[in-house]
Amino acid sequence: MMLDYMKFLAPRLIGYKMAMHGLRKYPPHPIVLNFSITNKCQSRCQTCNIWELYQKNPQKEKEELKLWEIQKIFKTLDDIFLLNICGGEPFLRHEDIGDICKYAVKYCNAKAIHSPTNCLAPENVEYGVRDILEKIPSNVKLTIKMSLDGIGDDHDKIRGVEGNFKKVLETHERLMKLKKDYPNFYLDAGTTVSTINANKLPQIIDWVHNNMELDNFYHELADTRAELFNIEKDESDPDDFKSVVQDRNVTPTGDDYWDVAHFLLDEAKKEMVNKRNFSRISQALRVNYYERAAWVQKHQKRKVKCYAAMSNAHLNPWGDLWPCNVQAFRHNLGNIRDFDYNFDKLWKSKGAQKVREWVSGNHCHCPLVGQAMVDTILDPKEVVKTLITYVKSKK
């Protein structure tokens, strides 16, 4: 399996490196496609304003990409390694999320599919996950990450919905039953570590280890993203969304960030023991990510080159293609509908090239985990560090 992955990834990674150094005009298509299939969400999180979007702009919900449009887009997209389904709450599209994944495999040969869930509709999540597993081949990995930001009332307060914690437990119970029939299914949980819950992280980890069966328990540091409208207002924010944008001050800063990141680093190393190979690789990458994220936040600059809008891209529910969800609306490659749903035409457009030039100018830095993983693979020194961590975990 690993050899097959490397045979697929190696030519694309070389292509990104060549494009970064001006040795080819356009980079290959991304190996990671983040796709927000809907911005609908039942949560009322303290760390995010995305749930307010359709309350204040109800017309935008009608503009979301339909299944037939998604199918047309995937037909023009080269093979991808990972389809990372985002939201909103992705399983509010439980009726067709299985077909979206089916088309990603059929047309884009996706090797792995990932989706988070807020667990507020356990029955819909179970239906959607089962439908995905029924419609994708058994050699395609599916990981579902349940959001868990606290224990009991703490979780409910952060997520803004009473009873959410009980729904997490119900979702866990429902999805555990699916694992018996689908070996390619990985059930994870994840905590978004913010200024609200960072001091309770050790208790959350202990509770999860003693009460849940998971393939992985991940922790991601909260960051401000234009996609989540939890960042300071900017001139480039779309007029429709200005009423939603509000800086939530969710990211730990300075020494607090450094301490939290290194605590998470140590926990990730512990988590690697006795994990399945696919999970161990993911954890090794996370160890590297936490260490670098702490350095980046402390020094407020990049440590490695960012390949956003090359190796990764983010398609939003209305067809806009972003370099990442941190920059989102502020640096848009273009809208896929304006290119007759042809991903290649959009990827090679002047707008896309302009965004890549901006990214390569080192105007930003962030702890975005999805992009950080690929940036690690594209940096020889970071690869060596990750391999050392992986090898040590097997002893």
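Summarising the geometry of Pro323 relative to Ala308, their closest heavy-atom pair is O-CB, 3.5 Å, with the distance given to 0.1 Å. Shortest non-hydrogen contact noted between Leu65 and Ile73 is CD1-CD1, 4.1 Å.
The residue from Lys167, His94, Glu89 that alone fulfils the side-chain hydrogen bond (donor to acceptor under 3.5 Å, both in side chains) condition with Thr117 is Glu89. Tested against Cys101, the residues Ile113, Leu142, Asp131 include a single side chain to side chain contact (heavy atoms under 4.5 Å, CB included) partner, Ile113.
A salt bridge does not link Lys345 with Asp340: every distance from a Lys NZ or Arg NE/NH1/NH2 to an Asp or Glu carboxylate oxygen is 4.0 Å or more. Glu69 has a carboxylate O that lies under 4.0 Å from a charged side-chain N of Arg337, or vice versa, which qualifies the two as a salt bridge.
Gln71 and Tyr341 are not linked by any side-chain donor-acceptor pair at a separation below 3.5 angstrom, with hydrogens and angles left out of the test. Between the side chains of Arg280 and Gln283, not a single donor N or O lies within less than 3.5 Å of an accepting N or O.
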| task | Could you check Lys135 against Asp99 for salt bridge (Lys or Arg N to Asp or Glu O under 4.0 Å), going step by step and ending with a plain yes or no? | result | CA-CA 7 Å; Lys135 289 177 178 176; Asp99 288 322; 3.0 Å; yes

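A distance of 11.0 Å separates CG in Asn312 from CE in Met373, rounded to the nearest 0.5 Å. Distance CZ/Phe81 to CD1/Ile377: 7.5 Å, rounded to 0.5 Å. Separation of atoms CD1 (Ile85) and CG (Leu33) is listed at 9.5 Å; rounding is to 0.5 Å.
The cluster map of Ile, Leu, Val, Met, Phe, Trp and Tyr, joined by side-chain heavy atoms under 4.5 Å apart, puts Met212 and Ile158 in different clusters. Both Val125 and Met176 belong to a single network of hydrophobic side chains, linked directly or stepwise wherever heavy atoms of I, L, V, M, F, W or Y lie under 4.5 Å apart. In the hydrophobic cluster analysis, where Ile, Leu, Val, Met, Phe, Trp and Tyr join through side-chain heavy atoms closer than 4.5 angstrom, Tyr26 is grouped apart from Leu315.
Taking the six-membered ring where the residue is Trp, His29 and Trp347 present perpendicular rings, their angle passing 60° and hence far from 30°.
At a threshold of 4.5 Å between non-hydrogen side-chain atoms, the residues Cys306 and Gln371 count as touching.
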